[in-house]
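Worksheet: the structure to be examined is printed underneath.
Ligands are counted one by one from 1 in listed order, and the atoms in each one are counted from 1 as well. These numbers come from the heavy atoms of this one structure, side chains and all, not from hydrogens, waters or symmetry mates.
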Amino acid sequence: MAFNPLFGQSIHYGADYNPEQWLHMPEILKDDLRMMPEAHMNIMSLGMFSWAALEKEEGVFDFSWLDRVLDNLNERGIKVFLSTPSGARPAWLSEKYPEVLRVNEKRQRALHGGRQNHCMTSPVYREKVRIIDTKLAERYAHHPAVIAWHLSNEYGGYCHCPLCQARFREYLKERYGSLDNLNQQWWNTFWSHAYTSWEQIESPSPIGENAVHALSIDWQRFTSHNALDFCKMERDTVKAFNPDLPVTANFMEFFRDYDYFEWAKELDFISWDSYPQWHVFKDSEYVAAYTAMNHDLMRSLKGGQPFVLMESTPSATNWRPLSTLKRPGMHTLASLQAVAHGADSVQIFQWRKSRGSSEKFHGAAVDHVGHLNTRVGREVIDLGAKLEKLAPIAGSEMQAEVALILDTQNRWALEDSQGPRNQGMDYLGVCLDFYTPFWRRGINVDVIDETCDLSKYKVVVAPMTYMLRGDYAERVEKFVREGGTYVSSFWSGIVNDTDLCFLGGFPGPLRKVMGIWEEEIDSLDDDYEVRVKTLEGLPFFDEDSYHAGFLCGLVHCEGSEALAFYDGEFYQGMPVLTHNHYGEGHSYYVAARMDKKFMEGLVGRLEYECGLKRALTTHLPKGVTAHERVNGDDHFVFIGNYGEHGKNIKLHAQYVDMFSGDTVTGICRLPPFSARVLKRIN
Ligand code: GLA
Ligand code: ZN
């Protein structure tokens, strides 16, 4: 594994550093160098938007300022993730070579401006990026401060220009071989959509083709593939100068544009930019669980390898509808949450607030006042001191017995399918319904996709797996036959890779494993609920009744047992929860979107039946959860209180507090928005 050994030695702490803004004010750069160590920072991400400062005119390069910044950081022991600057290009480039400008789905070419808006195919753009990347790598690939490459910045988006269309057609030719095959797989006989030449195929557009779902899914696949191809070009360019220097590309929150599981294979380590909407929503548990699920996804992208939290804000963002400040403690709690879920770094955007332009009001370590003696600055320093004490945790793993399937290609298909809910399938929300009860209990969960190995888990939870890709169904069948527990939900097993419905009854190839047939599905408006009753005395389900809504599947048992039933509507008496024995294992099918209490009951049952491990065996009050990282024989428990009230929990073992060094037993106090990290000693 080309993973930098430095990652295993300490928790990195730092920021995005954009010194090119301040070159005309050298005293600012001096202050930066003085204050970074004061904040305990040991890593900076540098260069992501420096192109115009490095190549002012085509072919005229000036690296002198970057030389100085890198040497100065190095002298202070501060390491660097060095970025390639392809995310934002100089104006001369767009002016001279308009083909680099992206074309949108309405076929309008963009003007120059903004960022991450280049054509991914343009040979000119690729060449210009290759040249600047080569210059950077030639000069810095062996610089002692540089410990990894940060490729571009938040790759994203689509380009519909003629160059991209031509490449899309090549991609389709390779995928389908013949037009006849493509027409068949895309079901193009319907509405007379069959193509008679490859040139007729265009990417989806609101002014053109937008009804062939398989075309839309393949366009998504192609764009992900083509942008990754661009990223690989950057990777190979910089690696040519030092193959041992690892590369990453900073990912985003449940990003829809690209398939990150495909991307992860091409990168040495995962990093991502996390900007949760803390305090914006009243339900802080919701934000915490949603964010935890995202961290778990990032950790799982490379099979559990620690990831880098590349960006976060110490106070507020400036690009959401509301810039709510992080309450005292929240930045520390959010940062430790990332570490709890597998991050070996905490970084913020940005080190110092810009003076002008688009991010002058975005949170930063150093505010416009110019020093760290601010509420935010003091918390940044305090967090740095804490992270230093977590060095023994670096490189440790999170062991998960449960996997949640969250599949981006399934998401593309599901949201575009013109099915039971065109007003929104809320795929992430449904995944979160299943994830949250595990999170609340402190049971580690990996978040994987349909291509990942299932065999190492006790339980696989697969909500709304509308599209069963490749050999996934066969692997699920094997997983259950060999003793695994598989949990699925309504609207699963509906289509194959090209969005063709399975014939012979849903959930298609999983019908036997689940022991059911889903005949129809009812879609209900948001405030419409159907009552649900469980079997009398069903363990873990203590309520008199529950509620179903959103989507309600009409299911027949075929060998499975029904544990809960609709108690209303014309489908009164039909099953809502089924349980099936298959081979050595078993499966559950949740036929409708169920309320929180029902989901708690279900996960309680799974925990008991499968003997799932929790980080702490004690009762966790609302808003408090605990997760565990393990380093050999050392067990570290991260306890977080996401609520605005202090909470106590009772510990059943002895621990050492990693920050104070004190022994902790019995009652453990958690102030509002706080985290504690405890090492188990017996
Ligand atoms: C993104 C970008 C940064 C910055 C932050 C602001 O994550 O990568 O350059 O714009 O957002 O939150
Ligand atoms: Zn293009």
Side-chain angles (χ1 to χ4, degrees), residues 14-18 20-21 44-51 81 83-89 94 97-110 114-126 129 150-171 202-203 205 219 222-223 225-227 229-230 248-255 271-278 294 298 308-324 326 331 334 347-354 357-365:
D16 267 29
Y17 186 37
N18 301 295
E20 62 273 30
Q21 303 169 89
M44 290 288 143
S45 301
L46 200 63
M48 53 284 283
F49 300 116
S50 305
W51 197 344
F81 289 144
S83 186
T84 63
S86 62
R89 61 190 173 274
S94 307
Y97 307 103
E99 74 164 49
V100 307
L101 298 163
R102 219 171 252 189
V103 170
N104 71 14
E105 68 278 15
K106 289 194 182 152
R107 311 307 191 246
Q108 297 155 326
R109 200 175 278 279
R115 58 177 175 171
Q116 202 50 251
N117 52 8
H118 54 83
C119 170
M120 282 81 81
T121 305
S122 158
V124 171
Y125 198 62
R126 287 188 177 215
V129 169
H150 173 302
L151 298 176
S152 199
N153 190 71
E154 297 188 336
Y155 289 105
Y158 309 87
C159 177
H160 297 256
C161 81
L163 295 167
C164 288
Q165 300 291 348
R167 216 172 154 98
F168 179 41
R169 288 177 202 123
E170 292 308 312
Y171 174 84
E202 280 268 345
S203 60
S205 168
W219 169 249
F222 161 72
T223 317
H225 163 87
N226 197 30
D229 190 58
F230 184 96
T248 192
N250 50 338
F251 286 174
M252 288 172 275
E253 175 185 314
F254 296 121
F255 194 52
S271 62
W272 85 286
D273 304 342
S274 173
Y275 293 98
Q277 300 194 61
W278 301 114
N294 216 145
M298 293 296 157
V308 163
L309 178 66
M310 190 61 91
E311 294 180 23
S312 60
T313 176
S315 55
T317 59
N318 71 328
W319 47 268
R320 297 237 197 242
L322 280 179
S323 302
T324 307
K326 275 178 164 169
H331 180 54
Q347 288 169 257
I348 57 170
F349 176 89
Q350 57 180 328
W351 161 252
R352 181 188 281 273
K353 261 186 197 176
S354 304
S357 198
S358 64
E359 294 186 311
K360 61 183 176 294
F361 296 124
H362 191 287

Without hydrogens or angle criteria, can the side chains of [X] and [Y] be said to hold a donor-acceptor pair below 3.5 Å?
X: Ser203; Y: Gln165; value: yes
X: Glu359; Y: Ser354; value: no
X: Asn117; Y: Arg89; value: yes

Contact atoms of ligand 1, heavy-atom distance to [X] under 4.0 Å:
X: Glu359; result: 4 (C), 5 (C), 6 (C), 10 (O)
X: Glu154; result: 1 (C), 2 (C), 7 (O), 8 (O)
X: Asn153; result: 2 (C), 8 (O), 9 (O)
X: Phe49; result: 9 (O)

Next on the checklist: Among all the protein's non-hydrogen atoms, which is closest to atom 6 (C) of ligand 1, and how far away is it?
Outcome noted: His362 NE2, 3.1 Å
Checklist entry - What orientation do Tyr171 and Phe168 show, parallel under 30°, tilted 30 to 60°, or perpendicular over 60°? => result parallel
Item to check | Ring geometry between Trp51 and Tyr125 (parallel below 30°, tilted from 30 to 60°, perpendicular above 60°) | outcome: tilted
Item to check | ligand 1 to Glu311 polar contact by distance, N or O atoms, under 3.5 Å | outcome: yes
Checklist outcome for this item: Which of Thr248, Asn250, Asn294 passes side-chain contact (heavy atoms from CB on, under 4.5 Å) with Trp272? Answer is Asn294
Checklist entry - the Zn ion (ligand 2) as vertex, arms to SG of Cys119 and SG of Cys164: angle to 10°? => result 100°
Checklist entry - What angle, in degrees and rounded to 10°, do you get at the Zn ion (ligand 2) when you join it to SG of Cys161 and to SG of Cys159? => result 110°
Checklist entry - Could a heavy atom of Arg115 be found less than 4.0 Å from some atom of ligand 1? => result yes
Checklist entry - Which bit of Met252 gets closer than 4.0 Å to ligand 1, counting heavy atoms only: side chain, backbone, both or neither? => result neither
Next on the checklist: One residue to check: Gln116. Relative to ligand 1, which of side chain, backbone, both or neither has a non-hydrogen atom less than 4.0 Å away?
Outcome noted: neither
Checklist entry - At what distance, to the nearest 0.5 angstrom, does CZ of Arg102 lie from SG of Cys164? => result 8.5 Å
Item to check | Pairwise side-chain contact, Tyr275 with Thr313, heavy-atom cut-off 4.5 Å (strictly under) | outcome: yes
